[in-house]
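Inspection log for the structure reproduced underneath, given as structure tokens.
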Amino acid sequence: MAEITGRPVIADQSLSGLSLTPQTLLEDLADLFSRAERAFDCARHSRTYGVAGEVFSVFSDQEDYLNAVDLAIWSQPPETAASTRIFVGVAGENGCPSIAWRAAHFEERQVEALLAPTRYRMHYFHPLSYWQVFDRQTATGLQILNRADQYPPWDLGSPLRNFLQWHLASRDGALIHAGTLGVADKGVLLAGAGGSGKSGTVLSGIMAGLTTVGDDYVFVTPSSLRAHPLFETLKQDADGLARVGLTNHPAIPANTNWQDKYQFFIRDLGLPDLPASLSLKALLVPRITGQARTELYPVSAKEAFLALAPSGVTQIPGDRPLLYATAAEIARRLPCFRLDLGVDPDEVSTTIRQFIEGI
Amino acid sequence: MTERYKTAGPDIVHESFGGDLVVLNLRSGQYFGLNASGAALWSAIIEGQDATALSADDTTRQMASDFVTQLLDHELIVRDDLAGEGAPTASISLVPPPTIEAYDDLSDLIVADPIHDVDQNAGWPKLPDAQ
């Protein structure tokens, strides 16, 4: 990751106060990106990340935020110049425009539908006045915060996630909310809502020597059925850490996150080199059963889709129809299995290893 | 008298799995599963075929009518009074009877459409003082 420092600070606040309305939204967003050019020029820090074959440059005065992004993003050495640039700033500071929604209501789906055929994507998390806006034509993103520490509590687990989706959507794929496990180049997706055992299965699997390309979001191209890593983040509660002997591991932070889970990073677990991508061979839907042995049963693509699609469609704004269609295509193209989890993490991992090796 | 319908806008998306269909209303976050008969009716209806002529006898005609009512109740389709008469009408087998299942356990996963009142002067999301 490259670092640039020493940019000047702009004191004037003349860029503040851009109003957005549904009636003039496209013109307003064009105006916003025009004004934001100065913010890119004036940002004091920048980083460059290679993600899923694309290169993202991030500019900001918020060094602490960039440091947090460094930890979470699964970056590979960039092989080309940046294809996308993103500015992260605080409204009204150092050239960063501030935005206000000037309409009686903000209806996210209505705004999404309005912007769907256009070059723009937008997300507004209203409790914190947190904005993400992306111009697909110029591959330029703006993340505008009301204050430096005001981002949603889940943001640092998958920072810049929406920008990754909005740019990678041009690459015949989409972000999929699923865990992954693999043996060499072959892998499986694990899909399920919270409490299904997905993250515990991934964690026990990688501690038993399986590979992974992530446990939160991965980028999947349905045509080639390959999964690419996006984030190093793992999350697990105290019981889950104890099950795999990680309670006192130096990678585990002292405090839990907003979900009362410990949030840590794959690179800190001291694992062997992990693959740059996985060739997907199956879609597994885990289920905690309390039974002694782990078992796999074929399930319909429809059942697997209903485990795979909802969380991603819920969490990523702007491209929901694409996320829905991509999850469906993946479920149709992969053999799908219910994974009834046994109680012994080693036995679970061994079963999954044998399954992957045999498929 | 003919009855023609269309999907209730871009918020309604659907995907086929074998003969079955899963329909999502992005506005409400509700998922619906249609069996093969329901999926065949759905396809014919959103293609603009006359809903009153999709089945061969009175019994199946009532089934089709009830199914259309369910789709309307779930806000998945709307009447399309502007549709022309040109769409072909095909008779559809309704064995087994068409079903639509609402996956209510999934609907709480989406909050796709928050609506908030605002102070007209300060702009959203500041609530009016009266609230």
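Residue numbers begin at 1 in each chain, while the letters A, B, ... track the order of the sequences.
More than 12 heavy atoms of other residues, nucleotides or ligands shown are found within 6.0 angstrom of CD on Gln70(B). Within 6.0 Å of atom NZ in Lys261(A), more than 12 heavy atoms from other residues, nucleotides or ligands are found, so the atom counts as buried in its surroundings.
Between Ala309(A) and Tyr31(B) the shortest heavy-atom distance is C-OH, 4.0 Å. Considering every non-hydrogen atom in both Val22(B) and Tyr324(A), the closest pair reads O-OH, 2.6 Å.
Distance check: Arg27(B) CZ to Glu112(A) CD gives 10.5 Å after rounding to the nearest 0.5 Å. In this structure, the separation between CD on Glu108(A) and CG on Leu26(B) is 11.0 Å, given to the nearest 0.5 Å.
Judged by distance alone, the side chain of Arg332(A) and the main-chain N or O of Ser16(B) form a donor-acceptor pair under 3.5 Å.
Salt bridge annotation for Glu15(B)-Lys302(A): absent, with no cationic side-chain nitrogen under 4.0 angstrom from a carboxylate oxygen.
Interface remark: Asp20(B) contributes side-chain atoms only to the contact with chain A (heavy atom separation under 4.5 Å).
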